[in-house]
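All values reported here derive from a predicted model rather than from experimental measurement.
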Amino acid sequence: MSYFALGERYQHGQGLLYRVDPRVKIVIAVAFAFAITVVHAGHWQAFAGFGAFVALAVGTSRLPLWLVLRRSLIALPFAAAAFPLIFTKPGDTIFTVPLLGWAASHEGLVHVGSIMLKSWLAVLLAVVLTSCTRPLDLIRGLERLRLPRVLAGTIFFMYRYLHVIGEEGHRLMRARDARSASGPDGGKSGGSVLWRARVLGSMVGSLFVRSLERSERIYAAMQSRGYDGTVRFSNERRLARRDWGVLLVAVLALGGLIIYARF
Amino acid sequence: MVLPMPQLPILLHIPDGFLSTWVATVFYLITIACLAVAIRKTSESYQESTAPLMGVLAAFIFAAQMMNFPVAGGTSGHMLGGALAAILVGPWAAMVIMACVVGVQALVFQDGGLAVLGANIFNMGIATALVGFAVYKAVTGFGNGKRPFILVGTFAAAWVSVMVAAFLTSAQLAVSGTSDWGIVLPAMLGVHALIGIGEGVISAGAVAFVLATRPDLLGITPDFGDSTLAGEHVR
Amino acid sequence: MPVSDLMTVAPPSVEEGPTPTRSCAVRVTNLSYAYPDGHVALRDVNLTIYAGERVALMGPNGAGKSTLLMHLNGIFGGARSRGTVEVAGLTVSPATLKRVRALVGVVFQNPDDQLFSPTVGDDIAYGPLYMGLDRQEIDRRVAQALAAVDMAGFEERMPHHLSIGQRKRVSLATVLTMEPEILVLDEPSAGLDPRARRGLIDLLRSLPQTLVASTHDMRLVRDLFERAIIMQEGRIVVDAPANEIIHDAGLLEEYGLELP
Amino acid sequence: MPVSDLMTVAPPSVEEGPTPTRSCAVRVTNLSYAYPDGHVALRDVNLTIYAGERVALMGPNGAGKSTLLMHLNGIFGGARSRGTVEVAGLTVSPATLKRVRALVGVVFQNPDDQLFSPTVGDDIAYGPLYMGLDRQEIDRRVAQALAAVDMAGFEERMPHHLSIGQRKRVSLATVLTMEPEILVLDEPSAGLDPRARRGLIDLLRSLPQTLVASTHDMRLVRDLFERAIIMQEGRIVVDAPANEIIHDAGLLEEYGLELP
């Protein structure tokens, strides 16, 4: 049971979107996230259009709706950053918070509502695409999108060793917690916050040294099998007609939505 | 007990929708330019071992961000790691590592948005590495590389790096019109002044460990001939 | 005494057998555990271990040995577990967790996971420091623990620079300073060469604590343990005196174990 | 045949003894190696291994076993080494390194170091890919190697989803695809439970290659190897038929080894 498997979003399924090349899905997700930024605050019809795009994606992925909705809440805490605008944006007062006397403006509400909507729709689409693509395929997709080799190679190794080193970190914490006990008289225990932070620092340092030494052994294992410093990939795949079709439809739809939103 | 997903510094991972088109685009371009330099410098320093070394260390940063310590009232602290990475492997390699960490967090784990990825990499990976490394070098240079100065330098580098990341995030939000300067800046800097102390202590603790066990690794580019295979770990 | 449903061999009979005067170190009742992915690691485990006993836990990888051990000091437990675990008369629960951790010292398989401080002394002092003991008492315990594992004078050394055998000893010292009543060891002899292994056996023999250890090492079972338990697919399938089990070739064959 | 200065037992005599018709798989001549910190890991080692032999390397941790193994395909060597290493008639040097690495397959102790690709299929294809073979040949070899280690159909699986026994098998497959003449294994049975270990022994027995392995596992020596070498402090101190060594209690005692 791997620690990081829990954080991965892939969900087994059968929808059309599962069979689309990961490159296409990555491009669509990034393009969508950019496209939605151009919508003016309060342009609800444009938001409805982007919403329809997301609905189409959810439909073709055939992912359970509740799953997509639940996962889309991940960015919610960040709303705190935009929230004060409700009260600080000048405009017509709609209501006043009792006791505090803060006046909420119409413009502020529209503005914050639009930000939240943009964020939520972009996260929804990203959730859909990553839920129907294996993490490894996403990473292979990046590589085939001609990411610089150093980055692609780094990400491949990172993904492989996330599990190994993540487990090591997890075991270190477990060993520490197993020794974090209260005293015989039940008195004050736990030391100071700074001491606990320093202990975590030691653990991080020890994980670093182990990681570095592991990278040396991996390098030896790679050399043993002929590695000469050039990162090579064996998987080269052309886009199928379906992939081009999906890409074309998405690009046209997003282009249309941008034009509708701005002009 | 299986713990929940890594608790990342959420207020530094900007989600999509919070930055304007222009701010997002400009920071993508800046980030790409910085990474181009970083990749070239890193390949020169580490040559053949670049990919395995950077990959394993990126996994290390990812794992280190997941490790936490109890603060109070059920909350826990953890680290961002940009300054620590810069101190341990130099600013250029740190940028490559942090870019991969932040990128995979966004793409695979949905921590942080995709259109704002350039800004997030810049705030958490590039600015932290550059500023952190500069502060570290300034302090250790002042103290001729003596141990107390290394530790103080690490603390200062880590604290400043978190403050810089918080400042950049606030500024991007404010320029995008999604937050008020007057509110977001004092709030973010205030909170991160405290979070930064945790970052500083953890980073200094990590460097103290490395200093005690493998002092050869600090400030020296590892020599990846068969020499580094020396030591007990290969027996 | 609780007896597992699939038990094929009689429960332990150490000389005089359990009498009311022997206190109970561990009592596990109807314990089940499922991983988040649904895989069931423990199925209705019942187990009583008396104070001072030395018990080996055997069985293939994935049989649930480690999962059971991790329940003894509450590392595992909570929502995914059913059943109860009592140690030294204390039921393991969130309220008693910190006290339980002082009573049960867990030594993990890999010393690199156990030892996270720059020096041996810091590492051994972690437990007592966390417990909030005073400096004098901590120093006393550190010195005593190091002497117990035959590593006196290693306070300032770095665990990273020690041999694997030495690191295993220091790992043990890190929990001895907490003066636990029960020692839980995960694969204590793994990775040791024969000489280091014999040293470890002698050391463990000299300790007064109740010992519970998972192991594949049949010689360790022969030389150190009086009672042995075989687990398979999350169940206790055999629980008997160690010297009966290790001489029962048919039984060992059945559970994929080897003659010592 | 080169004989180490401290050899206490007669060199190997496999039935008819070395004759001119048996080709030489490995010939190590006067090999010494010092770590950068000055620690001498190998002292004037001489060793000849014939094609098809299975040789176990024993001795305490730190005796130089791994250092010697790492010289066989040139991972160690260069300025810090003196002496020569020949494999299959080829002297190991920077110029021959690529060919040597195709002839000598090294399997590291920890499968997590050996398996560095995200999937089993990628990892097994790695060697052939770097040998510059074409796609068809690579696919053929991958399928063959996976079948040889009884892991057919695991191409798309990720290493962290496999058991330790499966990872050890896949590690072996990663070098089998390079169709080496000599297999070098570092602690092949470490971390395996008895059943997985027996599976590995059967698998290794079925392979035609010359085998050189470091190990602490005396049963592995008994069940798999025909010749055994004991190292101590960087020297070969014993080199004899395995079944002579494993029954010589005095000798095993002297070098801190155990009876199987």
Notebook entry, point to check: Which heavy atom of Met66(B) sits nearest a heavy atom of Met173(A), and at what distance?
Noted result: O-CE, 4.1 Å

Check: Of the backbone (N, CA, C, O) and the side chain (C-beta and beyond), which part of Thr21(B) lies under 4.5 Å from a heavy atom of chain A, both, or neither?
Finding: both

Checklist line | Heavy-atom pair of closest approach, residues Ala197(A) and Val201(B) | finding: CB-CG1, 3.6 Å

Item checked: Residues Arg71(A), Gln110(B); criterion side chain to side chain contact (heavy atoms under 4.5 Å, CB included); working and verdict -> CA-CA 9 Å; Arg71(A) 288 179 175 178; Gln110(B) 257 102 65; 5.8 Å; no

Item checked: Under 4.5 Å from any heavy atom of chain A - which part of Phe69(B) -> both

Notebook entry, point to check: So which of Leu211(B), Asp180(B), Ile183(B) has the biggest tally of heavy-atom pairs under 4.5 Å with chain A?
Noted result: Asp180(B)

Margin query: Given heavy-atom pairs under 4.5 angstrom as the criterion, report whether the side chain, backbone, both or neither of Leu121(A) touches chain B.
Written below: neither

Check: Would a 4.5 Å heavy-atom cut-off, applied to side chains only, mark Met79(B) and Val204(A) as touching?
Finding: yes

Check: For the residue pair Ala126(A) and Leu114(B), what are the closest heavy atoms and their distance?
Finding: CB-CD1, 4.4 Å

Margin query: Minimum heavy-atom separation for Pro15(B) and Ser119(A), please, with both atom names.
Written below: CB-OG, 3.9 Å

Check: Side-chain contact, heavy-atom cut-off 4.5 Å: Thr130(A) with Val108(B)?
Finding: no

Next item on the list: Pick whichever of Thr37(A), Thr88(A), Leu200(A), Leu129(A) has the most heavy-atom pairs under 4.5 Å with chain B.
Entry: Leu200(A)

Check: Taking all non-hydrogen atoms of both residues, which atom of Ala58(B) and which atom of Met158(A) are closest, and how far apart?
Finding: CB-SD, 3.7 Å

Next item on the list: Determine whether more than 12 heavy atoms belonging to other residues, nucleotides or ligands lie under 6.0 Å from atom CZ of Arg210(A).
Entry: yes

Checklist line | Heavy-atom side-chain contact between Val209(A) and Val210(B) under 4.5 Å | finding: yes

Note to self: As an exercise, state the distance from CG of Leu162(A) to CZ of Phe60(B), rounded to the nearest 0.5 Å.
What the structure shows: 13.0 Å

Check: Do you know which of Val164(A), Val30(A), Val127(A), Ile218(A) has the most heavy-atom pairs with chain B at a distance under 4.5 angstrom?
Finding: Val127(A)

Checklist line | Toward chain A, the part of Ser170(B) with a non-hydrogen atom under 4.5 Å | finding: neither

Next item on the list: Report the option among Ile115(A), Val150(A), Leu172(A), Ile139(A) that has the most heavy-atom pairs separated by less than 4.5 Å from atoms of chain B.
Entry: Ile115(A)

Check: Does Tyr227(A) reach the side chain of Pro52(B), with side-chain heavy atoms less than 4.5 Å apart?
Finding: yes

Next item on the list: Mark yes or no for whether Ser211(A), through its side chain, and Leu57(B), through its backbone, hold a donor-acceptor pair below 3.5 Å.
Entry: no

Margin query: So does Ala63(B) get a backbone contact from the side chain of His170(A), meaning a donor-acceptor N/O pair under 3.5 Å?
Written below: no

Item checked: Region of Ile197(B) in contact with chain A, defined by heavy-atom distances below 4.5 Å -> side chain

Notebook entry, point to check: Which region of Arg176(A), side chain (C-beta onward) or backbone (N, CA, C, O), has a non-hydrogen atom less than 4.5 Å from a non-hydrogen atom of chain B, or is it both or neither?
Noted result: side chain

Next item on the list: Report the distance from atom CZ of Arg149(A) to atom OG1 of Thr50(B), rounding to the nearest 0.5 Å.
Entry: 14.0 Å

Notebook entry, point to check: Which answer fits Val101(B), side chain, backbone, both or neither, if we ask what part of it has an atom under 4.5 Å from a heavy atom of chain A?
Noted result: both

Item checked: Which portion of Ile26(A) sits near chain B, non-hydrogen atoms under 4.5 angstrom -> side chain

Checklist line | Partner chain A: residue of Gly177(B), Gly103(B), Ser203(B) with the largest heavy-atom pair count (under 4.5 Å) | finding: Gly177(B)

Next item on the list: Side-chain contact test, heavy atoms from C-beta onward, threshold under 4.5 Å: evaluate it for Glu213(A) versus Arg214(B) and give yes or no.
Entry: yes

Note to self: Counting heavy-atom pairs closer than 4.5 Å to chain B, which one of Leu147(A), Leu207(A), Thr154(A) comes out on top?
What the structure shows: Thr154(A)

Next item on the list: State the CZ-OG distance between Phe209(B) and Ser206(A), to the nearest 0.5 angstrom.
Entry: 4.5 Å

Next item on the list: Pick whichever of Val184(B), Leu35(B), Thr25(B), Leu84(B) has the most heavy-atom pairs under 4.5 Å with chain A.
Entry: Thr25(B)

Check: Donor-acceptor pair, Arg196(A) side chain versus Pro70(B) backbone, under 3.5 Å?
Finding: yes

Check: Measuring heavy-atom distances to chain A, does Thr178(B) have an atom under 4.5 Å in its side chain, in its backbone, in both, or in neither?
Finding: both

Margin query: So for atom CH2, which belongs to Trp181(B), do other residues, nucleotides or ligands contribute more than 12 heavy atoms lying within a distance under 6.0 Å?
Written below: yes

Checklist line | chain A contact via Leu19(B) - which portion, at a heavy-atom distance below 4.5 Å | finding: backbone

Notebook entry, point to check: For chain B, which of Pro148(A), Ala33(A), Ala122(A) has the most heavy-atom pairs under 4.5 Å?
Noted result: Ala33(A)

Note to self: Please classify the contact of Leu142(A) with chain B as side chain, backbone, both or neither, using a heavy-atom distance under 4.5 Å.
What the structure shows: side chain

Margin query: Below 30° counts as parallel, above 60° as perpendicular, anything between as tilted: where do the rings of Phe34(A) and Tyr28(B) land?
Written below: tilted

Check: For Val38(A), is it the side chain, the backbone, both or neither that has a heavy atom under 4.5 Å from a heavy atom of chain B?
Finding: both

Notebook entry, point to check: Taking side chain as C-beta onward, heavy atoms only, is Cys100(B) less than 4.5 Å from Leu151(A)?
Noted result: yes

Item checked: Residues Tyr159(A), Val104(B); criterion side chain to side chain contact (heavy atoms under 4.5 Å, CB included); working and verdict -> CA-CA 9 Å; Tyr159(A) 183 68; Val104(B) 168; 5.6 Å; no

Next item on the list: Answer yes or no: is there a side-chain heavy-atom contact under 4.5 Å between Met54(B) and Phe157(A)?
Entry: no

Notebook entry, point to check: Less than 4.5 Å apart, any side-chain heavy atom of Ile14(B) and any of Phe78(A)?
Noted result: yes

